[in-house]
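Below is one structure, written out as structure tokens; the observations come after it.
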Amino acid sequence: MELILTDLIYKACLEVQDKHYVNFNLKETSIIIEKPKLASHGDFSCGIAFKLAGQLKKTPLEIAKLIYEIIAKQTIGKLIEDITVTSPGYLNFTVSKLYLYQILKEILEQPNNYGRGQNQPSVLIEYVSANPTGPLHIGHARNAVFGSCLANLLKYAGYKVEEEFYINDTGQQITKLGQSLLVCYKRQLGLSNYNYAIDSYPEWLLLEPIQQIIKEHGQELINLTDLEISDKLATLFMDITINNQKAELNSLKIEFNTWYSEKTLHDSCKIKDMLKLLASNNQTYESEGAIWLKSKELGDERDRVLVKSNNHLTYLATDAAYHLDKFKRGFDYIINIWGSDHHGQVPSLTAILKALNCDINKFSVILTQMVNLSKNGEIVRMSKRMGTVITLKEVIDEVGADAIRYFLIESSPNNSVNFDLELAKKASSENPVFYIQYAYARMSSILRKATNLSPDFDFFNLPSEQIYLKCNKKNTLFAHLFDDNGENYTLHKKLILKLASFKNLITEASQSQQPHKIAHYAYDLANDLQKFYETAKVLNIDDLNQSLDRLLFILAVRTVLANCLIILGLNTPEKM
RNA sequence: GCGCCCGUGGCUCAGUGGAUAGAGCACCCGCCUUCUAAGCGGGUUGUCGUUGGUUCGAAUCCAACCGGGCGCGCCA
């Protein structure tokens, strides 16, 4: 509807422009269709007249009337029932029953594709990418949930999406990990003359995996050199950690297409090739024994080291090779989801990609702000060194995957999140996610019981497109929803308009990359449905025709709500 | 010092140029012989951090300031 109105008003404005010999220089995108808060202002409104007032030297009210004259004739009586011009210059539109009918029809005919887009570009989303040196925590979970919801949303909007996890499985941190593991291993085998280095990984982190490794491999490593043992231990440790991470992410309904190993970048010369390319683009120089990137010229605050004087690579160098590889794989868009504590890296990575001739318009980084864990209102301070980390696994076990997903997706990534463990737990009654799911379960229950009314109402198990075909033989369908012009009609209309706005929601949320909008929409929709549930009884033995209309209506609402829940990665419980 | 994010009822947050700023939680009052009361209805709660500016119109855009979080390595 928004598109139809935009188009109509745009053409009308052009006509006004011609008649009055002026040039508005008006773009179609500057026509904004809004949803008025007041019922007396119609279902949609447009304030375009205000924008044109200055140029046309007429009052907004006069201009709105001019536009009204042009569009009223061609539209009233079809999808639009009425158009009014209200002071100080708004155009207000009221939709017709035919429009509402068409929305329900569209949903029922193509339940799984309602609002779905197609033929959108390909996107690579990289997220989580936690180090394989320890367990996931709630901050990773936010990144994970956001990434997964964004991926689901973009897929729904018709993008070809790949999800990727980058594993930092090499470099100095892994060497250090291996050395720490070696000490832990030997101590576990009773060789107590081994001591941890000052910058060692803490023992609490290493102990459990080491015990597992000893159990599985016995003492078969003991005859190797220390260097070989620490390498082997690091590899085994990372396997265990990564598998745990995978399992936890899976329990949050998150699966990646690719687990991309940093090690393969080194093994396949991709880093050397990247450095050669930079050199041939004349983007590097040597100073103090190190190789530097001329990143200041490219928008960074200063130049950056790529190869240290000890010949080791910096993180930036490997990251650049990784991203160059992403570009070479031919995606239309490349999205990274990072914790906000990494925001300082954005300018240097952007700079080096420019230096590598990558089209940085294809590249964007979304930063998710911190998550504070609290318990009964008091913030829980976590320290890796002290071993006071609350792992993601503990939180999942305590509050469940759905509650985590909802709490972490409901607010914008720009906002930091306070995650209260106690609240999320007792959330079984207070958490919005259960409210939404309860609405879904109630609708399911109605559909399940519909066959008690008539054997024809076997709506629970059949796909809705078949149900619709079956019921559509009568062209009086939905008459009972629309006949009444009183309060019920207002309520039905509000709900159907909400269903109609789902299409726009998908477009907007996917373009602006804001999956949290889906969460709010789902809540609103559930809220409207609960109101309907309280006022209108669906299953009524005395009026089967009315029951049928309401059943199909419920089916449509349930379909859209299910689509939201699927995008959010939440369960759709049929009973609660 | 510089950079990024945030500041909206007691609490947690929506709203990012439109008409009288919205939800949830909390608090008070009502509603189960009726498809699930994990629900519904009603009530109380606001200098939209401050000050200026742009605009017919600002919580929304711009500037300065105040307050909070995070980041500024030849660490990863």
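So that the names make sense, note that chain A is the first sequence line, chain B the second, and so on, each numbered from 1. When reading the values below, keep in mind they use all heavy atoms of this one structure, side chains included, and skip hydrogens, waters and symmetry mates.
Within the nucleic acid shown, A/Gln514 has no heavy atom closer than 4.0 Å to any nucleic acid atom. Contact annotation for A/Leu38: base contact, defined as any heavy-atom pair under 4.0 Å involving a base atom. Within the nucleic acid shown, A/Asn415 comes within 4.0 Å of sugar-phosphate atoms alone, with no base atom in reach, counting heavy atoms only. Looking at heavy-atom distances under 4.0 Å, A/Ala536 makes contact with a base. Base contact: A/Glu288 has a heavy atom under 4.0 Å from a base atom. Counting non-hydrogen atoms under 4.0 angstrom, A/His312 reaches nothing in the nucleic acid. Using a 4.0 Å heavy-atom distance criterion, A/Ala441 is classed as a base contact. Using a 4.0 Å heavy-atom criterion, one finds that A/Arg550 contacts no nucleic acid atom at all. Residue A/Phe50 is in base contact, counting any heavy-atom pair closer than 4.0 Å across all strands shown. Looking at heavy-atom distances under 4.0 Å, A/Lys37 makes contact with sugar-phosphate atoms alone, never a base. As judged by a 4.0 angstrom heavy-atom cut-off over every strand, A/Asp199 is placed among residues making no nucleic acid contact. Within the 4.0 angstrom heavy-atom criterion, no nucleotide atom of any strand lies near A/Asn540.
If you check B/C75, B/C5, B/C35 against the side chain of A/Asn414, the one that comes closest is B/C5. Here the side chain of A/Lys531 is nearest to one of B/G41, B/C4, B/U36, namely B/G41. The side chain of A/Tyr315 lies closest to B/A76 when the candidates are B/A38, B/C6, B/A76. Ranking B/A19, B/G18, B/C74 by closeness to the A/Pro36 side chain, first place goes to B/A19. Proximity note for A/Ser411 (side chain, C-beta onward) versus B/A76, B/U36, B/C13: the nearest is B/C13. Closest approach to the A/Trp292 side chain among B/A14, B/C74, B/A76 is made by B/C74 (side chain taken as heavy atoms from C-beta onward). Side chain of A/Ser340, nearest nucleotide from B/C5, B/A14, B/C70: B/C70. Set against B/U36, B/A14, B/G24, the side chain of A/Ser412 has B/A14 as its closest nucleotide. Closest approach to the A/Tyr533 side chain among B/C70, B/A14, B/A37 is made by B/A37 (side chain taken as heavy atoms from C-beta onward). The side chain of A/Ser45 approaches B/A19 more closely than any other nucleotide in the set B/U12, B/A19, B/A76.
Distance CD1 (A/Ile32) to P (B/A19): 13 Å, rounded to an integer number of Å. When the P atom of B/A76 is taken as reference, atom CZ of A/Arg304 falls 14 Å away, rounded to whole Å. Atom C1' of nucleotide B/A76 and atom CD1 of A/Ile174 are separated by 9 Å, given to the nearest angstrom. As rounded to whole Å, 13 Å separates atom P of B/G18 from atom CD1 of A/Ile33. Here B/A38 presents its P atom at 10 Å from CD of A/Gln530, a figure rounded to the nearest Å. As rounded to whole Å, 10 Å separates atom P of B/C35 from atom CD1 of A/Ile446.
A salt bridge does not link A/Glu164 to A/Lys326: none of the charged nitrogens lies less than 4.0 Å from a carboxylate oxygen. Salt bridge A/Lys270/A/Glu262: absent, no basic N to carboxylate O contact under 4.0 Å. Between A/Lys354 and A/Glu297 there is no salt bridge, since no side-chain nitrogen of the basic residue lies less than 4.0 Å from a carboxylate oxygen of the acidic one.
In terms of modelled atom types and a separation under 3.5 Å, the side chain of A/Asn571 and the main chain of A/Pro573 share no donor-acceptor contact.
The 5' end of RNA chain B is approached more closely, in terms of each residue's nearest nucleotide, by A/Tyr90 than by the other of A/Tyr90 and A/Leu539. Each of A/Leu316 and A/Lys537 has a nearest nucleotide on RNA chain B; the 5'-most of these lies closest to A/Lys537.
The C1' atoms of B/G7 and B/C48 are separated by 10 Å, rounded to the nearest whole Å. B/U55 and B/C13 have their C1' atoms separated by 29 Å, with the value rounded to a whole Å. Rounded to whole Å, the P atom of B/G43 lies 16 Å from the corresponding atom of B/C25. Here the separation of B/A59 from B/U16, taken at their P atoms, is 14 Å to the nearest Å. One C1' atom belongs to B/G49, the other to B/A58, and the distance between them is 16 Å to the nearest Å. Remark: the separation of the P atoms in B/C32 and B/A38 is 15 Å, to the nearest Å. Spacing of P atoms, B/U8 relative to B/U47, comes out at 11 Å, to the nearest Å. When the P atom is compared between B/C65 and B/G3, the two are found 11 Å apart, to the nearest whole Å.
Counting heavy atoms of neighbouring residues, nucleotides and ligands inside a 6.0 Å radius, atom NZ of A/Lys384 exceeds 12 of them. Residue-environment remark: NZ (A/Lys65) stays at or below the threshold of 12 foreign heavy atoms within 6.0 Å. Counted within 6.0 Å of NZ on A/Lys263, heavy atoms from surrounding residues, nucleotides or ligands total 12 or fewer; the atom is thus considered open.
Scanning atom types as modelled, no donor and acceptor separated by under 3.5 angstrom connect the side chain of A/His520 and the base of B/G15. For A/Ser309 against B/C74, a side-chain N or O and a base N or O form a donor-acceptor pair under 3.5 Å. Side-chain atoms of A/Gln345 come within donor-acceptor range of the base of B/A76, with a qualifying N/O pair under 3.5 Å.
Taken to the nearest 0.5 Å, the NE2 atom of A/His520 stands 7.0 Å off from the OG atom of A/Ser411.
In this structure, A/Lys176 forms a cation-pi arrangement with A/Tyr201, its terminal cationic atom sitting closer than 6.0 Å to the ring centre and no more than 45° off the ring axis.
Judged by centroid separation below 5.5 Å and plane tilt below 30°, A/His41 stacks onto the base of B/A19.
Its glycosidic angle being more than 90° from 0, B/C28 falls on the anti side.
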